[in-house]
2 protein chains.
Amino acid sequence: MPDLTLEDIAAKVGVSRSTVSRVLNGHPNVRKEVRERVLAAIEQTGFHPNAAARALASQRSWTIGLLLPHSVSLFFTDPYYPHLVKGIAQACNHLDYTLAFFLVDDKDDEERIFSRVSRNGFLDGVLVQSGHHGDQRIIGRLVDARIPQVVVGRPMRSDNVSYIDMDNVHAAYTAVSHLLRLGRRRIATITGPEQSTVGVDRKAGYVKALGERDLPVDPALIVEGDFTEMGGYYCMQTLLAARPDAVFAASDIMAVGAIRAIREAGLRVPEDVAVVGFDDLPLAAMTDIQLTTVRQPVVSFGYRAVELLTDLIQSGDPSPRHVIMDTKLIVRGTCGALARK
Amino acid sequence: MPDLTLEDIAAKVGVSRSTVSRVLNGHPNVRKEVRERVLAAIEQTGFHPNAAARALASQRSWTIGLLLPHSVSLFFTDPYYPHLVKGIAQACNHLDYTLAFFLVDDKDDEERIFSRVSRNGFLDGVLVQSGHHGDQRIIGRLVDARIPQVVVGRPMRSDNVSYIDMDNVHAAYTAVSHLLRLGRRRIATITGPEQSTVGVDRKAGYVKALGERDLPVDPALIVEGDFTEMGGYYCMQTLLAARPDAVFAASDIMAVGAIRAIREAGLRVPEDVAVVGFDDLPLAAMTDIQLTTVRQPVVSFGYRAVELLTDLIQSGDPSPRHVIMDTKLIVRGTCGALARK
DNA sequence: ATTGGTATTGAGAGCGCTTCCAAATTATAC
DNA sequence: GTATAATTTGGAAGCGCTCTCAATACCAAT
């Protein structure tokens with residue numbers, strides 16, 4: 001059965017091309033009996049409408065793009081990405097969109113990809129994974145090109161763009177408050193890079209929790225990490241000089257490094273130093289770690305991102321929207337809460 | 001600058017639509033001076049040709065699909081996938097193709113995705129990640145629909161389909177031969193599932209290496225694993241009863257589980273039991289493991305897969321082709337080779 | 001100048017669909 | 001029964017591009 005067209009189906013059923021089109025697109029004004037005959041013919045012939053023709057005529061491709069700029073290296077180590085992609089792919093399936101995937105590796109790629117993304121009629125909109133300062137340029141270009149976009153993870157300059165983000169400030173605030181409630185008073189933090197919004201926001205949550213209890217924010221208790229295990233390890237070594245009784249790490253990986261440093265210094269977790277991480281990676285639940293941490297709903301995050309984008313596309317309203325997702329504190333062993341019972 | 005068309009550029013430059021199209025597509029017969037004027041106008045206006053119109057007129061979308069069926073769960077744990085996707089995405093960028101991404105989660109998805117994939121004019125071809133028995137149906141459907149496809153990882157029934165695969169038999173053969181050369185004689189193996197081609201092939205390489213030296217294949221030294229750490233652990237416990245002096249695990253993760261079991265039994269690696277894994281995950285290089293293993297060129301694997309598919313598309317020749325990639329044995333501590341020096 | 005050949009250009013017919021509009025049909029009210 | 005409105009259909013004009021074919025421009029050779 002070589003390429004069938006609408007016309008073929010129309011001829012077969014004895015109606016006009018328009019009618020078949022109406023059936024295909026679920027328009028109301030088609031007689032029930034006719035609709036069924038058309039549907040039967042489509043089913044029987046295995047006809048699939050030509051997507052290009054459809055996109056050309058209707059100015060809608062039912063395809064959205066996912067851009068992963070900058071973050072490429074993390075893409076291979078951080079389970080965040082597969083989960084995010086899962087949520088996005090699921091939503092696309094359910095909403096009947098197709099997902100086009102762009103991995104921006106270098107500057108050269110950016111040009112190629114940008115030109116592909118901005119081809120009229122190919123994408124209805126794009127999702128841009130971001131949260132890092134370096135992603136600013138591509139977001140700006142997309143804004144200039146008036147391509148509907150949703151930034152996944154709040155961008156550094158967030159005016160004029162729609163984005164979806166985790167409530168990082170509140171999550172960190174909750175984590176640190178939890179430590180305070182457990183009686184810890186010299187709480188250190190290993191932050192994410194200042195170049196990243198998660199770094200900034202989680203630190204802000206830390207500061208907020210301390211401030212709320214009128215505790216001083218001691219610069220000696222704050223070190224900027226880089227989201228790696230080694231980074232966490234070295235940061236913790238630095239922090240130990242300031243004799244903290246707890247540490248809030250902005251990621252689980254860094255928390256694992258921190259625990260290693262604490263133990264090497266002859267101290268115990270959580271007795272001497274309580275630890276709270278962020279992410280709830282599988283490794284956090286492992287028996288010899290039992291990390292108290294913040295869980296992010298990454299899959300639904302991706303799902304909601306797609307919903308937001310498709311809403312944007314369908315509404316045609318360019319005014320920016322924002323969605324903030326809630327996180328959850330997962331209490332395990334390293335914060336010392338369980339031992340107190 | 002709202003949607004420009006070819007015609008607009010043509011009018012601006014004072015030539016016909018055809019000429020602009022020729023410039024856009026790099027046709028030879030355009031006067032140099034005209035070509036430059038057209039290019040200048042395109043540059044200046046920021047014109048991008050409409051992809052849908054192009055696809056409709058030329059019957060080529062310059063888009064390929066990547067289908068990840070079945071394997072979804074592994075997608076989140078195995079670094080193989082991100083690396084594969086990286087290679088694929090890179091190749092797509094370089095060859096000027098767009099990548100459409102399909103994650104098949106359940107049966108329902110399969111229907112939706114299949115109908116999207118088989119829409120005429122949307123995809124020029126598809127890459128199907130496979131190697132598992134359960135992927136057979138979707139591959140068959142794609143063959144029936146005459147959609148150009150390349151299976152990534154040899155499928156169970158490989159007649160009539162083009163595929164690219166690692167040379168798993170030879171890789172396993174090399175790994176086991178290496179152990180034999182080191183004087184090991186009771187070599188056990190933890191295989192992959194019998195449902196997967198990698199499981200079958202790596203076991204075949206093991207058998208081949210033994211056979212070549214006229215060593216018996218002892219069923220007590222072969223256990224079927226499931227590519228998980230726990231699986232490797234339990235398999236090794238079973239194997240220890242047969243007193244092996246070495247074990248070849250069909251994946252690093254299983255090798256790690258095996259090492260745990262060996263050590264718990266009070267035996268030393270590599271002195272009492274040598275271990276060789278497969279994959280060369282980052283964890284294999286970690287200081288406290290130092291796993292001898294087989295490295296697969298996963299990124300280039302993905303890259304080659306795209307090249308193969310695009311060749312297939314461009315040639316229009318439907319006869320199946322096969323590409324086999326070489327692997328490399330990485331000798332570290334667990335095989336005992338370094339200690340002998 | 002004329003011829004033949006080649007390089008360059010434009011006209012125009014699609015590609016397969018959506019969608020507006022008017023025509024045809026049917027339902028409803030009088 | 002007719003008049004009117006509502007519903008269902010078909011005709012036809014695009015959507016923005018490619019590509020064949022014929023026409024024109026250019027070149028060198030006679």
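Below, chain A is the first sequence line, B the second, and so on; all start at residue 1.
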To the nearest angstrom, how far is [X] atom [atom1] from [N] atom [atom2]?
| X | N | atom1 | atom2 | result |
| --- | --- | --- | --- | --- |
| Leu6(B) | dC19(D) | CG | C1' | 13 Å |
| Leu24(A) | dC17(C) | CG | P | 8 Å |
| Phe47(B) | dG16(D) | CZ | P | 10 Å |
| Asp8(B) | dC15(D) | CG | P | 11 Å |
| Arg54(A) | dC17(C) | CZ | C1' | 8 Å |
| His48(A) | dC17(C) | NE2 | C1' | 16 Å |
| Arg35(A) | dT8(D) | CZ | P | 9 Å |
| His27(B) | dT20(D) | NE2 | C1' | 12 Å |

Selection from [options] that lies nearest to any side-chain heavy atom of [X]:
| X | options | value |
| --- | --- | --- |
| Asn50(A) | dT9(C), dG16(C), dG16(D) | dG16(C) |
| Ser18(A) | dT19(C), dT18(C), dC17(D) | dT19(C) |
| Ala57(A) | dG16(D), dG14(D), dT9(D) | dG14(D) |
| Gln59(A) | dA7(C), dG16(C), dG16(D) | dG16(D) |
| Arg22(B) | dG16(D), dT20(D), dC15(C) | dT20(D) |

Test salt bridge (Lys or Arg N to Asp or Glu O under 4.0 Å) on Glu111(A) and Arg141(A) and set out the steps. CA-CA 11 Å; Glu111(A) 280 318 309; Arg141(A) 293 182 72 173; 2.9 Å; yes
Does dT18(C) have OP1 or OP2 sitting under 4.0 Å from an N or O in the side chain of Ser58(A)? no
Ignoring backbone atoms, establish whether Arg31(B) has a side-chain N or O less than 4.0 Å from OP1 or OP2 of dT8(C). no
Going by modelled atom types, is there a donor-acceptor pair between the base of dG10(D) and the side chain of Thr19(A) at under 3.5 Å? no
Between Asp159(A) and Arg157(A), does the salt bridge (Lys or Arg N to Asp or Glu O under 4.0 Å) criterion hold? Intermediate values first, please. CA-CA 6 Å; Asp159(A) 38 310; Arg157(A) 286 187 57 243; 3.3 Å; yes
Whether the His132(B) and Ser196(B) side chains hold a donor-acceptor pair (N or O, under 3.5 Å, no angle test) is what I'd like checked. no
May I ask you to check whether Arg321(A) and Ser315(A) show a side-chain donor-acceptor distance below 3.5 Å? yes
Touch check for Asn25(A), heavy atoms < 4.0 angstrom, all strands: base, sugar-phosphate only, or nothing? sugar-phosphate
Touch class at under 4.0 angstrom, heavy-atom based, for Thr5(B) against every strand present: sugar-phosphate
Closest heavy-atom contact between Val323(A) and Arg304(A)? CG2-NH2, 3.6 Å
Would you mind telling me which residue lines up with the more 5' stretch of DNA chain C, Val34(B) or Arg17(B), judged by nearest nucleotide? Val34(B)
